[in-house]
2 protein chains.
Amino acid sequence: MIKPRSRRGGGRPTIADVARKAGVGAITVSRALREPERVSQDLRRQIQLAVDELGYVPDPNARALASARAEVFGVLVPSLTNNVFAEVVRGIYDSLSDSPFRIQLGNTHYSGLEEERLLQVFGSQRPAALVVAGIDQTPTSRKLLENAGCPVVQVMETGPDPVDMMVGFSHLDGGRTATEHLIEMGYRRIGFIGARMDPRSQRRLAGYHAAMEKAGLFDPRLVTTTPLLSSVSLGRELFRDALAKMPTLDGVFCNNDDIALGVLFECHRAAIDVPKTIGIVGFNDLDMMQVAFPSITSIRTHRYEIGRRAVAMALAAIAGNRPQERIVDLGFELRRRESTAR
Amino acid sequence: MIKPRSRRGGGRPTIADVARKAGVGAITVSRALREPERVSQDLRRQIQLAVDELGYVPDPNARALASARAEVFGVLVPSLTNNVFAEVVRGIYDSLSDSPFRIQLGNTHYSGLEEERLLQVFGSQRPAALVVAGIDQTPTSRKLLENAGCPVVQVMETGPDPVDMMVGFSHLDGGRTATEHLIEMGYRRIGFIGARMDPRSQRRLAGYHAAMEKAGLFDPRLVTTTPLLSSVSLGRELFRDALAKMPTLDGVFCNNDDIALGVLFECHRAAIDVPKTIGIVGFNDLDMMQVAFPSITSIRTHRYEIGRRAVAMALAAIAGNRPQERIVDLGFELRRRESTAR
DNA sequence: CAACGTAATGGTAGCGCTACCATATGCATC
DNA sequence: GATGCATATGGTAGCGCTACCATTACGTTG
């Protein structure tokens with residue numbers, strides 16, 4: 001006896017329904033959908049008709065199970081609200097919106113352990129590609145990435161030893177460039193202010209350190225950091241701390257633009273002249289840096305482009321033509337503005 | 001003849017491997033993992049041992065196919081970089097990080113068509129729940145949501161006619177409250193400045209309009225809007241436009257905080273006194289509003305909480321106890337600050 | 001003590017798709 | 001005309017899991 005069709009599925013049309021309606025085999029429907037060039041014009045048209053008529057949509061779960069490959073990009077970032085990562089993610093989304101790939105976004109909260117957990121979860125569904133922020137994965141995470149069996153792109157930074165591919169820039173050079181600019185503009189007692197000292201911030205600090213040493217200006221009391229999450233209000237507080245510690249401060253290189261903005265506001269409030277008394281340099285160059293008064297010098301980074309490039313590289317690798325250059329350095333640019341124009 | 005185990009799967013251990021090792025049936029392993037209380041202590045221990053030893057991780061795709069239900073939350077927002085939605089998304093992520101649910105995040109770019117497309121894609125994998133921003137879905141989108149066969153939460157706004165559940169607040173009331181505050185503080189020629197006039201912005205404008213009408217202060221020339229994407233620099237430009245159009249302007253209610261910040265910076269630049277000459281009110285109350293100089297009055301909205309609440313409601317519905325209140329209004333608060341303290 | 005739960009376990013049969021292999025057809029090649 | 005080979009299509013057998021329906025062992029009840 002024949003049972004009523006499908007107890008479980010919500011009665012959605014399946015590939016078999018389409019095949020029946022179009023008078024072809026199921027596999028031909030499958031092919032018509034995935035590799036149309038391998039099916040004759042005639043059948044293709046017929047199948048398309050049946051698909052439209054039934055409102056057939058392939059089941060991605062069944063597809064993933066059968067092909068041992070999910071059409072999913074796994075993306076791991078340390079923060080969802082930090083504009084910097086949001087821009088990278090936006091680049092990724094925009095590059096993938098015309099593709100069949102879905103995106104699974106994970107938030108590691110800057111935690112290596114959480115990253116491992118998410119990598120485990122993401123890996124278990126056999127994603128088409130993985131994009132992760134940073135190059136400082138734990139050994140476990142690294143192994144998970146290496147064994148993921150799909151293209152992997154590390155973004156935001158470049159380094160010597162990619163898991164697979166990399167798109168980013170040198171935070172050390174960025175920090176150095178920012179600091180050298182302040183020195184060049186005549187500032188001498190230049191502080192470093194940083195929150196959330198993740199590995200990238202550490203390297204910016206290292207760049208600052210290198211530049212200051214080279215100029216013979218380094219003094220450990222010039223450095224003010226905290227592990228707390230970065231914010232504008234924190235920038236203000238850190239700047240007050242820095243000033244209390246070192247009243248002769250005449251410039252600051254800020255870990256990021258939020259901090260720089262906090263510094264600027266505090267200068268307004270305390271009637272400290274920018275750029276005469278204090279010079280300010282930020283990092284990332286958010287839109288508002290050029291609108292601020294005075295406008296704030298910052299290191300422009302190409303976040304959106306990093307996201308786009310990462311997807312382009314992953315897509316190429318999926319298609320079988322792995323890019324020549326496994327490490328792409330998109331660089332950065334110093335934007336000179338009023339906040340350092342003494 | 002027996003073929004070598006599994007040509008396709010990458011040789012990962014399956015539930016059958018675990019069952020064999022633990023000396024039980026596959027279904028018992030499945031149960032031990034999903035409903036441990038239905039399996040005896042003894043077997044549970046044994047199975048856990050086998051799982052650990054083999055490093056078994058269930059295949060979510062197979063699971064989804066067999067159970068006709070993916071452990072996925074679909075989340076649709078109009079923008080990834082707008083801090084407002086980023087906060088909602090963060091709330092969703094934080095609430096889901098200890099659950100087995102993965103998150104699929106879609107970016108509609110404020111487009112109804114794109115929303116329809118994403119709903120189609122998301123729906124096809126039978127998600128456990130859907131969270132969408134806004135209450136102004138197209139008829140097609142609404143139908144897709146109604147037929148999704150899973151809990152649906154509309155967030156950011158409340159309205160009379162939920163698809164299923166709602167968490168948000170009244171943007172109209174928010175706009176009205178902001179405007180009434182300006183009036184109360186003695187401002188009279190109060191402008192509205194808004195970018196990206198999405199439905200929520202429209203309702204804030206309506207609130208502004210209502211308050212101004214009621215006070216007998218409305219004048220259409222006081223309203224300055226643009227469909228362009230909101231940004232700090234755009235806020236500055238719109239404010240200049242508004243001032244050119246209406247030089248006697250003495251206050252502005254800004255569509256959002258980015259715009260308000262742009263206005264503030266332009267006032268600095270043009271040496272316009274805030275709050276004496278111009279009063280400023282923003283919307284959303286980003287962290288930096290209280291740090292700005294002068295600090296900016298804003299309507300505080302509970303974005304993070306909206307995300308958390310939406311997940312809590314969806315989770316309850318999945319568990320079978322749909323909340324009594326299908327519409328949750330989380331309200332907002334007026335934060336009075338220096339920018340309106342005449 | 002027969003009849004009847006109830007708790008714990010297992011077997012079978014798919015879920016909806018695609019990898020793999022087979023088959024059929026047409027056409028160039030020798 | 002037999003052979004080979006590319007092109008177009010189809011059948012079969014899973015992918016790794018869980019829904020559904022046994023089955024067994026052990027009370028509990030009148």
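We name chains A, B, ... by the order of the sequence lines, and we start the count at 1 in each one. It should be emphasised that the depicted structure is a prediction, and the values quoted were computed from it without experimental measurement. Side chains included, hydrogens not; waters and symmetry mates left out as well; all remaining heavy atoms used.
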Next item on the list: Check for a donor-acceptor pair, side chain of B/R44 on one end and backbone N or O of B/V39 on the other, with a separation under 3.5 Å.
Entry: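 Yes; at least one donor-acceptor contact below 3.5 Å.
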Item checked: Any donor-acceptor pair under 3.5 Å from B/N61 side chain to A/L65 backbone ->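 Judged by distance alone, no pair lies under 3.5 Å.
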So, is [X] near the phosphate of [N], with a side-chain N or O under 4.0 Å from OP1 or OP2?
| X | N | result |
| --- | --- | --- |
| B/R34 | D/dT18 | yes |
| B/S30 | D/dT18 | yes |
| B/T28 | C/dT9 | no |
| A/S40 | D/dT9 | yes |
| A/R38 | D/dG10 | no |

Notebook entry, point to check: Of all the nucleotides listed (D/dG10, D/dT18, C/dC17), which has the minimum atom distance to the side chain of A/V24?
Noted result: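 Of the options given, the side chain of A/V24 lies nearest D/dG10.
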Item checked: A/S67, nearest nucleotide to its side chain (from C/dA19, D/dC15, C/dC15) ->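 The nucleotide sitting nearest to the side chain is C/dA19.
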Checklist line | Salt bridge present between B/R12 and B/D17 (N-O < 4.0 angstrom) | finding: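 Between B/D17 and B/R12 there is no salt bridge, as every charged N stays at least 4.0 Å from the carboxylate O atoms.
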Can I get a per-line list of side-chain donor-acceptor pairs under 3.5 Å for residues 68-79 of chain B, giving both atom names and the distance, sequence neighbours left out?
residue	atom	partner	partner atom	Å
B/R69	NH1	B/R126	O	3.2
B/R69	NH1	B/P127	O	2.8
B/R69	NH2	B/G149	O	2.9
B/S79	OG	B/T81	N	3.3
B/S79	OG	B/N82	N	3.0

Would you kindly give the [atom1]-to-[atom2] distance between [X] and [N], to the nearest whole Å?
| X | N | atom1 | atom2 | result |
| --- | --- | --- | --- | --- |
| A/L43 | D/dA8 | CG | P | 10 Å |
| A/I47 | D/dA8 | CD1 | P | 13 Å |
| B/R63 | C/dG16 | CZ | P | 19 Å |
| B/D59 | D/dC17 | CG | P | 6 Å |
| A/R44 | D/dT9 | CZ | C1' | 14 Å |
| B/L65 | D/dT18 | CG | P | 11 Å |
| B/D42 | C/dA7 | CG | P | 18 Å |
| A/L33 | C/dG16 | CG | P | 16 Å |

Check: Which residue pairs pass the salt bridge (Lys or Arg N to Asp or Glu O under 4.0 Å) test with at least one member in residues 304-319 of chain B, sequence neighbours excluded?
Finding: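 Residue pairs passing salt bridge (Lys or Arg N to Asp or Glu O under 4.0 Å), neighbours aside: none found.
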Next item on the list: Please confirm whether any donor atom in the side chain of B/R31 sits under 3.5 Å from an acceptor in the base of C/dG10, or the reverse.
Entry: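 Indeed there is one.
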